[in-house]
Amino acid sequence: MHRRHPEIDPQLLSETDEQRQLRTVLRDLYAEASGVEEVRKHLATPRGYDEALWARLAGEIGVHGLAIPEEYGGSGFTFAELAVALEESGRALYCAPLLPTVVLAAHALLLSGDRAACERYLPRIADGTLTATVAGFGPDDRPGGRDESHELAVTAEEGSNGWVLRGRADFVLDGAGADLLLVRAGTPAGPRLFACEPASDTCRRTPRRVLDETRRQALVEFLGAPATAVGTAEEAEGTVSATLDAGRAALAAEQVGGSGHALDATVAFVAQRHQFGRPIGSFQAVKHRLADVLVALEAARSGAAYATACAAIASPQLPVAACAAAVVCSETFRLATAEYVQLHGGIGFTWEHPAHLYVRRARGAEVLFGTADQHRTRLAGLAGLAARPAA
């Protein structure tokens, strides 16, 4: 059972000068190079994002290596600095695979404790030359996790030439384009983590049509794909669980950024849109709706900040913090984007307006690492609360 009042240094919940400067630089860069029209344009390209901007983020600012130790080519900062970058990327609706590469794959490698794998892949993640993702990490009741027989949908077989993977993982983030796949697969000794550099003859990757086109997903089928074991079998499930919690904390930061954009854009609109000779933002009903969004956003900021602080210091409270942040930030993003559309009136419903892109991101993100109900159920278990029988 987790402590009811965890000890976290309050300073970890406040933004440092360095983090504030990073935020300013990133916001200016995204405003210059990743506006909504640029996002739309790059969604139509084979890779789905601006590869030149990806290289700038890695090379000029060092975003990709923020939370990677210096010994592996990173900057040696913490998850707190990475969360700043993720919040700004969420605000700008940046569509490159930062979440699967820099958060999920990089943390899975670090948490595995496999020094050889870290030395092989993390420097290339840090310099932006390698994109990566995870497969088979999903909760048991989602595609890509376990099948109906509760067996892992991907299995690994050890032969004379090493390990090979068979099976399929669905709705893999950036699954069609990633250069490296970190896969949870079943073995006779239990689940284990494997690194696979996919080749077309042994790994079939089929893009899925998803609601949020800014976050591509794919069905990945392993047809005897060569793979290398990462870490130990005993640590595999712990690595997967901790990686998903880091992903939830990162996604919460993204959602705060997207919610902030939705609120700011809506406030700006209602201040300049006039009806009956006055700005519509002066009507009390509109003020109340925006106030509700602001209150929810402040709660989401607090939840995301706490999850970020726990991830930055590898606190044992991270599972609780990550689940709580996932619930509050998902609900806030959903509310903020709903008001983004509604308070823009008719234009908020049109394909040409950016609001619908944020609505799609919000709806896709709220189920990415489990639903709000699943997070609440997990929170109850972590808190030692027994489920009450149905009435």
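Just so we're clear, the structure is a prediction, and the values are computed from it rather than from any experiment.
- Listed for the S75 side chain is no donor-acceptor partner under 3.5 Å among the backbone atoms of F77.
- Judged by distance alone, the side chain of T101 and the main-chain N or O of L98 form no donor-acceptor pair under 3.5 Å.
- Remark: R361 is not positioned above the aromatic ring of F333, lacking an NZ or CZ atom under 6.0 angstrom from the ring centre and at most 45 degrees off the axis.
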Exercise. Please step through side-chain contact (heavy atoms from CB on, under 4.5 Å) for the pair V220 and V154, ending with a clear verdict.
Key: CA-CA 10 Å; V220 180; V154 181; over 6 Å; no
Exercise. With salt bridge (Lys or Arg N to Asp or Glu O under 4.0 Å) as the test, would you mind laying out the steps for R40 and E37 before giving the verdict?
Key: CA-CA 5 Å; R40 292 182 191 274; E37 291 309 312; 3.8 Å; yes
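- Electrostatic pairing of R192 and E158 does not count as a salt bridge here, judged by no charged N lying under 4.0 Å from a carboxylate O.
- The backbone N or O of E213 sits nowhere less than 3.5 Å from a side-chain atom of R360 that would complete a donor-acceptor pair.
- Judged by distance alone, with hydrogens and angles left aside, the side-chain atoms of S330 form a donor-acceptor pair with the main-chain N or O of A326 at under 3.5 Å.
- Using a distance-only test at 3.5 Å, with no hydrogens or angles considered, no donor-acceptor pair links the side chain of R91 to the main chain of R27.
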Can I get a per-line list of side-chain donor-acceptor pairs under 3.5 Å for residues 290-305, giving both atom names and the distance, sequence neighbours left out?
unit_1	atom_1	unit_2	atom_2	d
R301	NH1	E87	OE2	3.2
S302	OG	E298	O	3.2

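- Ion pairing between D179 and R124 fails under the 4.0 Å rule for side-chain N and carboxylate O.
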Self-check item: Candidate pair R205 and V172, rule side-chain contact (heavy atoms from CB on, under 4.5 Å), full reasoning
Solution: CA-CA 10 Å; R205 303 193 279 179; V172 176; over 6 Å; no
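- Within a 6.0 Å radius of CD in E235, no more than 12 heavy atoms belonging to other residues, nucleotides or ligands are found.
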Exercise. Go through the steps to decide whether V341 and H356 satisfy the test side-chain contact (heavy atoms from CB on, under 4.5 Å), and finish with yes or no.
Key: CA-CA 7 Å; V341 170; H356 80 92; 5.7 Å; no
Practice problem: I would like to know whether F79 and T308 meet side-chain contact (heavy atoms from CB on, under 4.5 Å); could you show each step before the answer? | Solution: CA-CA 7 Å; F79 191 90; T308 293; 4.0 Å; yes
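- Other members of the cluster containing L43 are V39, with ILVMFWY side chains joined at under 4.5 Å, either directly or via other members.
- Between the CG atom of D170 and the CG atom of L219 there is a distance of 4.5 Å, given to the nearest 0.5 Å.
- The distance from atom CG of L130 to atom CG of L180, rounded to the nearest 0.5 Å, is 5.5 Å.
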